[in-house]
Amino acid sequence: TNMVRGIPDVLFFLFFPLAFEQLVEFFRAQAVCSPVELAANSGWPPCAAANWYLGTTQYLVLASVSLGIVYGAFTANVIHGAMRAVPHGQLEAARAYGMSPLQVAWRIHIRQMWIYALPGLSNCWLLLIKSTSLLSLLQIADIVQWADRLGAPNFTRSAGLVHPDWRWYYYLVLVIFYILLTYASEKAFAALSRWAGRGMAVANPA
């Protein structure tokens, strides 16, 4: 997780699908390409039959896996820190009451871990939402790409200029959409935090 967190998101987002695609083509080449074709072709793919044509669905799956690996590493680090933040006295008290290791882990350790993990998980979730705008780098027509296409100046020979540059309006709609999505996410995580804090002692702010 430390190594993945240190790699720029865009670099990993571009590298993983390309590396996976070429790895599949390499193994396909061993099965469908003749030795003559492998020896004669110095480019990529090794032969025409080994070329793997990916559609939007395949690219979307690879993009989801890429984002899952990157932000899964951040999430794992958040949960690891939250597990360590639970006071050890709580765990020792549970053992003293005769709880089994599984009961201590599930009812005490994991139960109290969420109150420490949710703020960090909220940040990871919002970063993940922002990173979905990178889908257009993998030839996926996402809402950012459609906003750019629809708002760009449209000119045809028969009708002339259909409309000028409207991208500013489309981008403004996207900004409002992401603000509303962030607001809804914050409300959801606030509700989860209230649920996680039920029955836990809270220090008196006074």
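Small disclaimer: the values here were computed from a predicted structure and weren't measured.
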**OP:** State whether the number of non-hydrogen atoms from other residues, nucleotides or ligands found under 6.0 Å of Phe26 atom CZ is greater than 12.
**Re:** no
Subject >> Atom pair CD1/OH of Ile108 and Tyr97 - distance to nearest 0.5 Å >> reply: 10.5 Å
**OP:** Check whether Trp168 and Leu150 end up in the same hydrophobic cluster, where Ile, Leu, Val, Met, Phe, Trp and Tyr are linked by side-chain heavy atoms less than 4.5 Å apart.
**Re:** yes
Original post:
Do the side chain of Ser122 and the main chain of Leu118 share a donor and acceptor less than 3.5 angstrom apart?
Top reply: no
Original post:
Going by side-chain heavy atoms closer than 4.5 Å, which hydrophobic residues are tied to Leu18, directly or by a chain of links?
Top reply: none
**OP:** Determine yes or no for a side-chain-to-main-chain donor-acceptor pair under 3.5 angstrom, with Arg111 supplying the side chain and Ala196 the backbone.
**Re:** yes
**OP:** Give the ring-plane orientation class for Phe15 versus Phe12, where under 30° counts as parallel, over 60° as perpendicular and anything between as tilted.
**Re:** tilted
Subject >> Side-chain donor or acceptor of Gln112 paired with backbone N/O of His109 under 3.5 Å >> reply: no
Original post:
Are a donor atom and an acceptor atom from the side chains of Asp148 and Tyr170 found within less than 3.5 Å of each other?
Top reply: no
Which donor-acceptor pairs under 3.5 Å do the side chains of residues 63-87 make with protein atoms, sequence neighbours left out?
| unit_1 | atom_1 | unit_2 | atom_2 | d |
| --- | --- | --- | --- | --- |
| Ser64 | OG | Leu60 | O | 2.8 |
| Ser66 | OG | Leu62 | O | 2.8 |
| Tyr71 | OH | Asp9 | OD2 | 2.8 |
| Tyr71 | OH | Ser131 | OG | 2.4 |
| Thr75 | OG1 | Tyr71 | O | 2.7 |

Subject >> Minimal non-hydrogen separation, Leu126 against Glu186, with atom names >> reply: CD1-OE2, 3.2 Å
Original post:
Can you tell me if CZ on Phe16 sees more than 12 non-hydrogen neighbours from other groups inside 6.0 Å?
Top reply: yes
Original post:
For the residue pair Ala147 and Arg167, what are the closest heavy atoms and their distance?
Top reply: O-CG, 4.1 Å
Original post:
Can you find a heavy atom in the side chain of Asn2 that is under 4.5 Å from one in the side chain of Arg5?
Top reply: yes
Subject >> For the student: nearest non-hydrogen atoms of Met99 and Val104, plus distance >> reply: CB-CG2, 3.7 Å
Subject >> Sequence neighbours excluded - side-chain hydrogen bond (donor to acceptor under 3.5 Å, both in side chains) pairs with any residue from residues 187-198 >> reply: none
